[in-house]
Amino acid sequence: MREILDIQKQLMPDLMDIMKKRYSILQHILVSGVVGRRTLASSLDMTERVLRGEVDFLKELGLLESDASGMKISESGRQLLEDMQPIIKMAFGLTDLEDSIAKAFHISNVIIVPGDSDTSVFTKKELGRAGAAALRKYVAKDDIIAVTGGSTMAQIANNLAISSSMKGSWFVPARGGLGESVDMQANTIASIMAKKTGGKYRLLHVPDHLGEEAYQSLIQDPQIQEVVNAVRSCRIVVHGIGDAMVMARRRKVDNDTTSSLRADGALAEALGYYFDRQGNVVHKMPTVGLRLEDLQRVEVVIGVAGGKSKGEAIASVLRHGQEDVLVTDEAAALEIMKHV
């Protein structure tokens, strides 16, 4: 396969460009669900005239359908995209990038989607779709799946659907989260994932970060203890990775702690832990839920994060060495490789 692509690049470089362009059109429509031509042209940075010709061609092939509400992918188009995935990854150079990151950080599986989540809402959605596919690949019957909060995790939830393997699964929040937007909380995302897949869920009604006295009091509560025990016995963890200072602001961390994080060189945050450039933990939030030491017995840890701005933060968390699977985008992956 790789040799054929190399030959095509040399003899017919324009053919590769056309294939990439048409793949991008189909992929954007798939991720969007239903989209109008003007919106799609703007997202692809393409003129409506050029897009019209491509769309008409794809319709003739039966890969697209359209009505008054807009364009949508056909079942044939959906199948073609799935079949093209390995070819496109090679054509974009993503296969080599996946292998390089997996080898550098000793990760079992790295999945990279094209684009930059920082600048493209479609890439963010595709990241969520890839994260959902990764979860489906590893889930088993009656699993307990712990999930964190955040916008990327919300995209994963949106891309899940009822499946036989997930119907008996329990979705639980990896940690408390009453201090942030309700839509982005781990509780909300766990419940959406359960409803989307036909699974079940438990909620953890505690603040995201606590003082030591409040922490000790809450952890003694029998109902909270029951949920925490379920969280800590999970087989799969799906979590996001954030920039340390951005997450400190989002979590409403006090000024003294923020100054301490900055002085200690904190670059990344995951599961309430802050990591420096070398992957060392420099600060831990006293949260009720999953602890870093619990990850050592978790069978599958899936980290999902993208965007060029997060590249160094993701590399920092990978150096700590707990991830089994990384789902990221091209822009973040290129930044990660700069810090190998």
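Every value quoted in this text rests on a predicted model; they were computed, and no experiment measured them.
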* Between R249 and E269, does a salt bridge (charged side-chain N to carboxylate O under 4.0 Å, His left out) hold up when you go through it step by step? -> CA-CA 12 Å; R249 286 193 298 272; E269 187 272 348; over 6 Å; no
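- Inter-residue side-chain proximity for L80 and L61 is flagged as unmet; no heavy-atom pair is nearer than 4.5 Å.
- Looking at T258, its side chain does come within 3.5 Å of a backbone N or O of D254 through a donor-acceptor pair.
- V147 and V228 fall into different hydrophobic clusters, where Ile, Leu, Val, Met, Phe, Trp and Tyr are joined by side-chain heavy atoms under 4.5 Å apart, directly or via other members.
- Side-chain atoms of S32 come within 3.5 Å of backbone atoms of H28 as a donor-acceptor pair (strictly under, hydrogens ignored).
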* Stepwise side-chain contact (heavy atoms from CB on, under 4.5 Å) test for M193 and I156 -> CA-CA 8 Å; M193 286 181 169; I156 294 174; 3.7 Å; yes
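- Proximity of a side-chain donor or acceptor of S233 to a complementary backbone N or O of A230 within less than 3.5 Å is detected.
- In this structure, OG on S24 lies 10.5 Å from CD on E54, to the nearest 0.5 angstrom.
- R277 CZ: 12 or fewer foreign heavy atoms inside a 6.0 Å radius.
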* To do: Please step through side-chain contact (heavy atoms from CB on, under 4.5 Å) for the pair L290 and R175, ending with a clear verdict.
  => CA-CA 6 Å; L290 202 66; R175 51 190 288 191; over 6 Å; no
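- Between F275 atom CZ and D264 atom CG the span is 14.0 Å, to the nearest 0.5 Å.
- Hydrophobic clustering (side-chain heavy atoms under 4.5 Å, transitive across Ile, Leu, Val, Met, Phe, Trp, Tyr) keeps V246 apart from V253.
- The backbone N or O of Q155 lies less than 3.5 Å from a partner atom in the side chain of N159, making a donor-acceptor pair.
- R235 has its side chain within reach of V300: a pair of non-hydrogen atoms, C-beta onward, lies under 4.5 Å apart.
- Inter-residue side-chain proximity for S151 and K124 is flagged as met; some heavy-atom pair is nearer than 4.5 Å.
- Counting heavy-atom neighbours within 6.0 Å of N255 CG, excluding the residue itself, gives a total of 12 or less.
- Across V282 and A266, no two heavy atoms sit closer than the pair CG2-CB, 3.8 Å.
- In plain terms, the two heavy atoms of Y138 and D143 that are nearest each other are O-OD2, 4.2 Å.
- Formation of a donor-acceptor pair under 3.5 Å by the D118 side chain with backbone atoms of S309 is found in this model.
- Side-chain contact between V325 and I107 is absent, with no heavy-atom pair separated by less than 4.5 Å.
- Summarising the geometry of V340 relative to A104, their closest heavy-atom pair is CG1-CB, 3.8 Å, with the distance given to 0.1 Å.
- Within the 4.5 Å cutoff, side-chain heavy atoms of L295 are placed close to those of V237.
- When side chains are defined from C-beta on, F171 does not count as touching R202, because their heavy atoms never get closer than 4.5 Å.
- By the criterion of side-chain heavy atoms lying less than 4.5 angstrom apart, applied directly or through intervening Ile, Leu, Val, Met, Phe, Trp or Tyr residues, V231 is grouped together with Y273 in one hydrophobic cluster.
- With rounding to the nearest 0.5 angstrom, the CD1 atom of I25 is 8.5 Å from the CE atom of M71.
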* Is there a side-chain contact (heavy atoms from CB on, under 4.5 Å) between L127 and V327 once you walk through the steps? -> CA-CA 7 Å; L127 193 63; V327 183; 4.0 Å; yes
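- To the nearest 0.5 Å, atoms CD1 (I236) and CD (E299) are separated by 8.0 Å.
- Taking 4.5 Å as the limit, some side-chain heavy atom of R129 sits within range of a side-chain heavy atom of L30.
- D256 and S259 are not linked by any side-chain donor-acceptor pair at a separation below 3.5 angstrom, with hydrogens and angles left out of the test.
- Looking only at side-chain heavy atoms (C-beta outward), M46 and L40 stay at 4.5 Å or farther from each other.
- When all heavy atoms of D294 and G289 are compared, the closest pair comes out as OD2-O, 4.3 Å.
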* Asked: Are E48 and R37 close enough, and set up right, to give a salt bridge (charged side-chain N to carboxylate O under 4.0 Å, His left out), and what steps lead you there?
  -> CA-CA 7 Å; E48 284 193 61; R37 189 183 297 155; 5.3 Å; no
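- The two atoms that bring A190 and P173 nearest to each other are CB-N, 4.1 Å, heavy atoms only.
- Across K310 and A305, no two heavy atoms sit closer than the pair CD-CB, 4.4 Å.
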* Please report the C-alpha distance between S108 and D324 in whole Å, then the side-chain angles of each, then the deciding distance to 0.1 Å, and finally whether the side chain to side chain donor-acceptor pair (under 3.5 Å) criterion is met. => CA-CA 5 Å; S108 300; D324 298 300; 4.7 Å; no
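- Using modelled atom types and a 3.5 Å distance limit, the side chains of N229 and Q225 yield no donor-acceptor pair.
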* Could you give me the CA-CA distance, side-chain angles and deciding distance for E75 and R78, then say whether side-chain contact (heavy atoms from CB on, under 4.5 Å) is met? => CA-CA 5 Å; E75 193 53 46; R78 193 182 298 271; 3.9 Å; yes
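- Within the 3.5 Å criterion, the main-chain N or O of G62 finds a donor-acceptor partner in the side chain of S74.
- In this structure, the side chain of S42 does not engage the main chain of T39 through any donor-acceptor pair within 3.5 Å.
- The line from CG of D276 to CG of L261 is 11.0 Å long, rounded to the nearest 0.5 Å.
- Judged by distance alone, the side chains of K141 and S165 never bring a donor and an acceptor atom under 3.5 Å apart.
- Between the side chains of H239 and E323, at least one donor N or O sits under 3.5 Å from an acceptor N or O.
- Other residues, nucleotides and ligands contribute more than 12 heavy atoms inside 6.0 Å of the NZ atom of K200.
- In K89, the NZ atom is crowded: over 12 heavy atoms of neighbouring residues, nucleotides or ligands sit closer than 6.0 Å.
- The environment of CD in E293 is crowded: more than 12 heavy-atom neighbours from other residues, nucleotides or ligands sit within 6.0 Å.
- Between the side chains of S66 and K59, a donor-acceptor pair is found at a separation under 3.5 Å.
- In terms of hydrophobic clustering, with Ile, Leu, Val, Met, Phe, Trp and Tyr side chains grouped at heavy-atom distances under 4.5 Å, I73 and V34 are assigned to different clusters.
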* **CA sep, side-chain torsions, deciding dist, call: T123, D329, side chain to side chain donor-acceptor pair (under 3.5 Å)** => CA-CA 8 Å; T123 302; D329 61 29; over 6 Å; no
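- Rounding to the nearest 0.5 angstrom, the gap separating the CE atom in M247 from the CZ atom in R250 is 4.0 Å.
- There is no path of hydrophobic side-chain contacts, each under 4.5 Å, that joins I111 to I88.
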